[in-house]
Amino acid sequence: MAKPQLYRIAPFDAEKEHVISFLWTGNRAHANRIIIYDNDTNQEVFNDLVSTFELKHTIPPGVLTNGKKYVLQVQTYDTENIGSPLSDKVLFYTFQTPEFRFNNIPENRVITTASFTASVYYYSPDWEDLSTFAFYLYDSTKKQLLQSTTLTDSFDISYTFRGLENNTVYYIRAMGVTVNGMALDTDFTQVTVKYENPNAYSRIYTTTLPSQGCVQVASNLIIIQYNGTDQFTYEDGMIHLVDKTLYYDEGFLINGDFTLLIRGKNLWQTKELFKMKGGKLGLTLSSRIYQDGKLRFRLLVPNGIGHYLLYSQEQVFENEDLITIAVRRKNDVYQIKVFVELRFTQEGNMWYGIQRPVKGARERDTWVDTSEAVSFVVDRNSCRSFLEHTEPIAPILHDLWLGGE
């Protein structure tokens, strides 16, 4: 009698029910049995016989342990209860289901731009690395519209969906596979695209001059000049303003409605960040860290009678994250919105903590396993590395010494 043939067994979560399938070419089977052994000790841990015509067998939850390797064999029984030889052994792994979820979808699931960079958080308690992944876009009926290329950078699990149509409902999804073949899926996530198409603002606009037989090209961009004496440096395309103040006092005037964008790093602080004033009118943007460890940005606009006071939503971010604060005035009504761009870090920083820094780490970063529960990053310019046999003299916090006996 022929032996049954087992299909490859992908890793699965031992705390969940899992179905094993196999191939059988003999007389019709009316029962089958599986035997599972611990691969390290060769001890039998599960032996189960079921009556079924299907060439499948279900492993109940909890009979195996996650984070281990097992060996499985299957045997079939025909209508005369004659058992086949045991199949060849197949090795498989059990892992706790990793976290694989979108981590930057707005709470109201409304996207306010025509493009959106979806980011996925991945964490495996069993250190099962992510191998490949892809992103998908669907219409409101879940008909697939787009599939990204197969991606492999597990330090940047993100993808930018472009050309999203206004006033449209979409579903986004990400699916991946671990290095040992465990399937991952965020499932369908519904989002609504709703943004305004500006009709008055344009970087460059034209006016036809028929009487002169030409077209006038103009721009509403204004070049303004700093008139102070301080010297400033630029890092990563941004001006360095730590412990400095940059001001402009001439060259432009804002009339009517406007949108103001302020982008920067190192904004995790309680401080006055930006002031704008013209005559009796103006505004002040500041930030404050509260006792619960969260930060709010505050917009103060004097209106002659009292104060127009507006707070952003609570924020939690790292100093290395790039923050965009949008302040908008329309018909004398103000709005404030904050956008956090994660992973805006240079290469070569150092991470400290027991949790592997999957999200935010860059190439050539160093991770030091310490007693801290959650890993945090220290900018490369704030720490030093010593490759010496003797202990360095006068080290400071976050310095790293590699050497010794």
Side-chain angles (χ1 to χ4, degrees), residues 104-117 161 163-170 190-205 207 218-224 238 241 245-265 267-290 292 294-317 321-341:
N104 67 333
I105 305 297
E107 290 185 7
N108 60 1
R109 301 201 176 189
V110 175
I111 296 174
T112 58
T113 58
S115 63
F116 176 70
T117 300
F161 296 98
L164 301 177
E165 296 185 5
N166 197 11
N167 298 315
T168 304
V169 174
Y170 292 99
Q190 180 180 313
V191 294
T192 301
V193 178
K194 189 174 182 61
Y195 54 86
E196 294 188 9
N197 290 311
N199 50 20
Y201 177 83
S202 176
R203 291 175 181 262
I204 298 177
Y205 53 92
T207 303
S219 169
N220 58 7
L221 297 179
I222 300 172
I223 299 176
I224 55 179
M238 293 180 288
L241 290 177
T245 301
L246 176 63
Y247 67 92
Y248 301 94
D249 57 5
E250 63 179 37
F252 69 99
L253 177 65
I254 299 177
N255 288 320
D257 299 335
F258 65 86
T259 299
L260 170 70
L261 297 179
I262 299 174
R263 290 165 62 84
K265 295 168 56 180
L267 295 182
W268 187 261
Q269 55 184 310
T270 297
K271 194 171 185 180
E272 196 172 87
L273 302 175
F274 180 84
K275 271 189 172 183
M276 184 171 70
K277 186 176 181 180
K280 296 181 179 181
L281 303 178
L283 59 84
T284 300
L285 180 67
S286 59
S287 61
R288 181 179 177 181
I289 302 172
Y290 291 84
D292 61 358
K294 296 181 180 179
L295 177 146
R296 285 181 182 269
F297 292 99
R298 187 185 78 161
L299 180 67
L300 176 65
V301 183
N303 62 8
I305 301 176
H307 292 318
Y308 193 113
L309 193 58
L310 196 62
Y311 289 87
S312 73
Q313 292 183 332
E314 293 178 335
Q315 305 291 328
V316 177
F317 55 83
D321 296 336
L322 180 64
I323 310 301
T324 300
I325 308 165
V327 176
R328 187 184 185 200
R329 184 180 76 185
K330 187 172 184 180
N331 298 327
D332 293 326
V333 176
Y334 286 83
Q335 294 175 304
I336 181 172
K337 181 72 173 178
V338 180
F339 304 89
V340 178
E341 298 180 30

Just how far is it from atom [atom1] of [X] to atom [atom2] of [Y], taken to the nearest 0.5 Å?
X	Y	atom1	atom2	result
Ser312	Leu295	OG	CG	7.0 Å
Lys275	Lys277	NZ	NZ	8.0 Å
Asn166	Thr113	CG	OG1	10.5 Å
Lys265	Asp321	NZ	CG	9.0 Å
Thr117	Phe161	OG1	CZ	9.5 Å
Leu299	Ser286	CG	OG	8.5 Å

Residue Glu314 excluded, over 12 heavy atoms near CD under 6.0 Å: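 Count over threshold, so yes.
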
Give a yes or no on whether the backbone of [Y] and the side-chain of [X] come within a donor-acceptor separation of less than 3.5 Å.
X	Y	result
Tyr170	Glu165	yes
Gln315	Gln313	yes
Asn167	Lys194	no

Would you indicate whether the side-chain heavy atoms of [Y] and [X] approach each other to under 4.5 Å?
X	Y	answer
Thr168	Thr192	no
Asn331	Asp257	yes
Leu260	Phe274	yes
Ile262	Leu273	no
Tyr334	Leu309	no
Lys330	Phe258	no
Val338	Ile323	yes
Ile336	Leu285	yes

Phe297 ring center near Tyr311 ring center (under 6.0 Å):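 Centroid separation for Phe297 and Tyr311: 6.0 Å or greater.
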
Least distance between heavy atoms, Trp268 atom then Ile289 atom: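 Taking every non-hydrogen atom into account, NE1-CD1, 3.4 Å.
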
Closest contact, heavy atoms only, Lys294 versus Val316: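 In this case the closest contact between Lys294 and Val316 is CG-CG2, 3.7 Å.
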
Val110 vs Val191, side-chain contact (heavy atoms from CB on, under 4.5 Å): CA-CA, chis, key distance, verdict: CA-CA 6 Å; Val110 175; Val191 294; over 6 Å; no

Derivation and outcome, side-chain contact (heavy atoms from CB on, under 4.5 Å), residues Asn104 and Phe116: CA-CA 10 Å; Asn104 67 333; Phe116 176 70; 3.9 Å; yes

side-chain contact (heavy atoms from CB on, under 4.5 Å) between Val169 and Gln190, intermediate numbers included: CA-CA 7 Å; Val169 174; Gln190 180 180 313; 3.7 Å; yes

Stepwise side chain to side chain donor-acceptor pair (under 3.5 Å) test for Arg263 and Thr324: CA-CA 4 Å; Arg263 290 165 62 84; Thr324 300; 2.8 Å; yes

